[in-house]
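Scroll down for the structure; my scribbles are underneath it.
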Amino acid sequence: GKINALKPRTTTIKVKDLNSDTYKTKQITVTYPLSNVSITNQNFSINKGSTLQTTINYTKNVSDSITEANYIKYSSSDTSVATISSTGLITGIKGGTATIYVKDNYGTILAQKSLTVIERTITLNESNQTIIMGNNKTLNYTCNYSDLATCTNQLIWTSSNTEVAT
């Protein structure tokens, strides 16, 4: 009898002669065309608003010229933090962490990796300032860095008109 492999799982096939009560059985395992799937990006973090292409490795279980696009689906555990396209392109939406999943067509997780989206915002704590010429004023600010980096070493202060104030 011809067996059609429909879904990666294990099943038992039975055969019986119509004139007998005895069944013969055979365990059949249907395998997925890809195995040993892994996400290979070394640095799996991006800034809010940036993109990152997911790269994966896998073993082909068949000799056909299959492509991953036919068998791989990508998803994010938290689309408010990061989204991922059907081709594996990740977009950082807001600071936080999300798990990126590589799944088969049946929803089985083949690989997963935690992604960090870094969001850095600076807030000036005062309204517009009036300063008497010859004096100076210290502007107070608040850093909100999702990666807990120290912002004081990373700030660049500039003036739109250095003849007025620096």
Side-chain angles (χ1 to χ4, degrees), residues 1-16 23-126 139-158:
K2 182 178 181 180
I3 299 172
N4 294 316
L6 303 175
K7 189 176 187 179
R9 302 285 188 267
T10 299
T11 188
T12 301
I13 302 293
K14 296 194 240 179
V15 64
K16 172 184 122 140
Y23 283 94
K24 294 295 180 183
T25 61
K26 189 58 101 175
Q27 185 172 348
I28 302 295
T29 300
V30 176
T31 60
Y32 206 68
L34 305 176
S35 63
N36 302 318
V37 178
S38 63
I39 299 171
T40 59
N41 299 73
Q42 293 298 315
N43 183 6
F44 217 49
S45 67
I46 59 174
N47 291 321
K48 174 186 171 184
S50 296
T51 60
L52 173 68
Q53 181 61 51
T54 305
T55 56
I56 62 172
N57 279 345
Y58 53 85
T59 303
K60 288 184 183 182
N61 295 331
V62 293
S63 59
D64 297 352
S65 59
I66 62 171
T67 62
E68 65 187 62
N70 295 333
Y71 298 100
I72 297 290
K73 306 293 181 213
Y74 295 96
S75 65
S76 169
S77 66
D78 189 344
T79 55
S80 72
V81 172
T83 59
I84 186 163
S85 73
S86 62
T87 60
L89 185 65
I90 300 168
T91 301
I93 305 299
K94 73 174 186 178
T97 58
T99 302
I100 299 300
Y101 294 104
V102 180
K103 298 180 181 181
D104 66 18
N105 292 333
Y106 303 101
T108 303
I109 297 171
L110 303 173
Q112 66 185 42
K113 195 166 189 176
S114 181
L115 171 79
T116 301
V117 177
I118 300 167
E119 182 174 2
R120 295 178 173 176
T121 59
I122 301 168
T123 305
L124 290 174
N125 298 336
E126 294 143 358
L139 293 177
N140 294 310
Y141 58 91
T142 303
C143 293
N144 184 10
Y145 285 8
S146 66
D147 62 343
L148 303 178
T150 304
C151 75
T152 55
N153 298 333
Q154 300 179 31
L155 297 180
I156 299 171
W157 296 83
T158 61

Below 4.5 Å, heavy atoms only, C-beta onward: do [X] and [Y] meet side chain to side chain?
X     : Y      : answer
Thr54 : Ile39  : yes
Ile72 : Leu34  : yes
Thr12 : Thr25  : yes
Thr99 : Leu115 : no

Checklist entry - Considering residues at least two apart in sequence or located in another chain, which fulfil the side-chain hydrogen bond (donor to acceptor under 3.5 Å, both in side chains) criterion with Lys48? => result Glu119
Checklist entry - By side-chain hydrogen bond (donor to acceptor under 3.5 Å, both in side chains), which residues pair with Asn57, not counting sequence neighbours? => result none
Item to check | Closest heavy-atom pair and its distance - Asn41, Gln53 | outcome: ND2-O, 3.0 Å
Checklist entry - Cut-off 3.5 Å, side chains only: do Thr97 and Thr116 have a donor facing an acceptor? => result no
Checklist entry - Under 3.5 Å, is there a donor-acceptor pair linking the side chains of Asp78 and Ser76? => result no
Checklist entry - Would Trp157 and Leu139 satisfy side chain to side chain contact (heavy atoms under 4.5 Å, CB included), going step by step from the backbone distance to the final call? => result CA-CA 11 Å; Trp157 296 83; Leu139 293 177; 4.0 Å; yes
Item to check | Trace of the side chain to side chain contact (heavy atoms under 4.5 Å, CB included) decision for Lys73 with Asn105 | outcome: CA-CA 7 Å; Lys73 306 293 181 213; Asn105 292 333; 3.2 Å; yes
Checklist entry - Going through the checks in order, is the side chain to side chain contact (heavy atoms under 4.5 Å, CB included) test met by Val102 and Tyr74? => result CA-CA 5 Å; Val102 180; Tyr74 295 96; 3.9 Å; yes
Next on the checklist: As an exercise, state the distance from CD1 of Ile46 to CG of Leu52, rounded to the nearest 0.5 Å.
Outcome noted: 6.0 Å
